[in-house]
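These notes concern the structure reproduced below.
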Amino acid sequence: MHLQGIIFDIDGTLVDSNEAHIDCWIEAFQSFHKTFDRATIGSQMGKGGDLLVPDLLNAREMRSFGEDLQKSRGKLYKEKYLRAIKPFPAIRSLFQSLRAEGLKLALASSSDAEEVKYYTGLLEVGDLLEGSTSKKDARFSKPSPEIFAAALEQLGTDDARTIAVGDTPYDILAAHRVPLPVIAVRSGGFEDELLKKAEFLFDDVAEMGREIDRIDEYFRND
């Protein structure tokens with residue numbers, strides 16, 4: 001194949017977790033007497049807490065409880081929400097088929113390393129990966145390109161022959177800043193209008209797998 005490697009976001013792309021993250025953020029903000037509706041929080045999905053929190057709080061609030069809020073949300077998610085997350089169907093078989101095509105695969109997440117490890121086990125793909133990234137691998141979360149850049153380094157593939165997969169406009173922006181082309185999937189709940197800058201748009205990663213030859217064609221002249 002002309003394509004050499006694929007970098008996958010996790011939340012909303014491989015696991016059905018975006019609604020849980022919205023619920024968790026709403027609960028965490030309420031514990032600090034801040035109330036946001038689902039649409040406001042939902043529009044921030046794809047960002048790490050390092051960017052989401054200052055985007056929603058003012059300077060005084062950030063100084064007063066911004067850091068405590070991020071820590072509280074992380075603890076709440078692990079204790080109340082994480083174990084209920086379900087993977088999207090047939091992810092292992094998809095990864096096996098991609099590996100059979102000679103492709104190298106990596107996960108790229110801004111979540112804590114403990115969460116990434118849990119999701120990797122949940123998806124049963126650890127043995128099929130060249131590497132994975134977490135919060136510790138970047139100073140800033142998406143839409144900073146650092147997470148995807150770190151995953152690309154672990155893959156060891158040509159950046160002109162590597163593609164990212166994500167479900168949010170922030171994944172698209174982060175990938176293009178590397179720069180990498182990107183596949184957007186609708187499984188995270190974002191409207192097509194917000195995902196239109198992606199090179200490819202599919203319903204989910206299962207559809208992406210069925211279209212791998214068309215994706216490969218994109219790289220023919222690179």
Side-chain angles (χ1 to χ4, degrees), residues 1-15 17-18 21 44-55 70 74 91 94-95 98-99 101-120 123 125-185 187-188 190 194-202 205 208 212 215-216 218-219 221-222:
M1 298 189 78
H2 303 90
L3 177 62
Q4 294 178 355
I6 307 178
I7 300 171
F8 288 89
D9 168 62
I10 300 177
D11 286 295
T13 302
L14 301 178
V15 301
S17 58
N18 282 6
H21 279 294
Q44 299 290 315
M45 289 300 97
K47 295 180 181 178
D50 60 319
L51 298 181
L52 183 153
V53 171
D55 278 357
Q70 292 184 56
I91 299 299
L94 169 66
F95 277 35
L98 295 173
R99 284 296 300 264
E101 295 283 358
L103 298 172
K104 294 183 177 181
L105 310 176
L107 304 182
S109 173
S110 301
S111 297
D112 289 340
E114 181 181 340
E115 290 179 34
V116 174
K117 181 178 179 180
Y118 175 78
Y119 285 143
T120 303
L123 294 163
V125 296
D127 60 316
L128 303 174
L129 300 174
E130 297 296 324
S132 65
T133 65
S134 63
K135 184 178 180 179
K136 64 180 175 56
D137 294 299
R139 183 180 176 190
F140 298 110
S141 63
K142 302 166 190 172
S144 166
E146 295 175 52
I147 288 293
F148 280 140
L152 177 63
E153 184 175 352
Q154 292 183 13
L155 273 185
T157 52
D158 183 346
D159 58 357
R161 304 236 174 168
T162 304
I163 199 164
V165 186
D167 66 298
T168 78
Y170 310 111
D171 291 315
I172 297 169
L173 184 54
H176 285 171
R177 285 174 170 174
V178 174
L180 294 173
V182 61
I183 297 163
V185 288
S187 51
F190 280 84
L194 297 174
L195 304 175
K196 66 182 181 181
K197 287 190 68 178
E199 279 71 18
F200 298 92
L201 177 60
F202 299 120
V205 292
M208 180 215 80
I212 195 66
I215 296 167
D216 187 59
Y218 173 88
F219 297 90
N221 296 320
D222 284 345

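Hydrogens, waters and symmetry mates play no part in the numbers below; they use all other heavy atoms, side chains included. We're numbering straight along the sequence, starting at 1. The structure displayed is predicted, hence computed values, not measured ones.
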Distance in Å, K117 NZ paired with L107 CG, rounded so as to fall on 0.5 Å steps | 14.5 Å
Which heavy atom in A198 sits nearest to a heavy atom in A184, and how many Å separate them?
-> CB-CB, 3.6 Å
Expected list for residues 164-183: side-chain donor-acceptor pairs under 3.5 angstrom, two or more places apart:
residue : atom : partner : partner atom : Å
D167    : OD1  : T13     : OG1          : 3.1
D167    : OD2  : N18     : ND2          : 2.9
T168    : OG1  : Y170    : N            : 3.1
T168    : OG1  : D171    : N            : 3.1
T168    : OG1  : D171    : OD2          : 3.2
Y170    : OH   : S43     : O            : 2.7
D171    : OD1  : K142    : NZ           : 3.0
D171    : OD2  : D167    : N            : 3.0
D171    : OD2  : T168    : N            : 3.2
H176    : NE2  : E199    : OE1          : 3.0
H176    : NE2  : E199    : OE2          : 3.2
R177    : NH1  : P143    : O            : 3.0

Can you sort out the partners of D112 under salt bridge (charged side-chain N to carboxylate O under 4.0 Å, His left out), two or more places apart, ordered by chain and number?
-> K78, K135
Straight-line distance of T120 OG1 to D127 CG, nearest 0.5 Å = 11.0 Å
Locate the shortest heavy-atom distance separating I10 from S109; write the atom from each residue and the value.
-> CD1-CB, 3.8 Å
Closest non-hydrogen atom pair between D158 and Q4, with its separation | N-OE1, 2.9 Å
In sequence, state the C-alpha distance, the side-chain angles, and the governing distance for L103 and I212, and then conclude on side chain to side chain contact (heavy atoms under 4.5 Å, CB included).
-> CA-CA 11 Å; L103 298 172; I212 195 66; 4.2 Å; yes
Kindly give the heavy-atom pair with the smallest separation between D50 and R139, and that separation in Å.
-> OD2-O, 4.1 Å
Heavy atoms only: give me the nearest K136-A113 pair and the separation to one decimal.
-> CE-CB, 4.3 Å
Spacing of OH belonging to Y119 relative to CD belonging to E115, to within rounding of 0.5 Å = 5.5 Å
Minimum side-chain heavy-atom gap Q44-H21 below 4.5 Å | no
In residues 148-157, what donor-acceptor pairs under 3.5 Å come from side-chain atoms, sequence neighbours left out?
residue : atom : partner : partner atom : Å
Q154    : OE1  : S132    : N            : 2.7
Q154    : NE2  : S132    : O            : 3.3
T157    : OG1  : T162    : OG1          : 2.6

Correct closest heavy-atom pair for L195 and L201 would be CD1-CD1, 3.9 Å
Does F200 reach the side chain of I215, with side-chain heavy atoms less than 4.5 Å apart?
-> yes
Minimum side-chain heavy-atom gap V125-F8 below 4.5 Å | no
Rounded to the nearest 0.5 Å, how far does CG of L51 lie from OG of S110?
-> 8.5 Å
Show the numbers, then the answer: is there a side chain to side chain contact (heavy atoms under 4.5 Å, CB included) between L98 and M1?
-> CA-CA 11 Å; L98 295 173; M1 298 189 78; over 6 Å; no
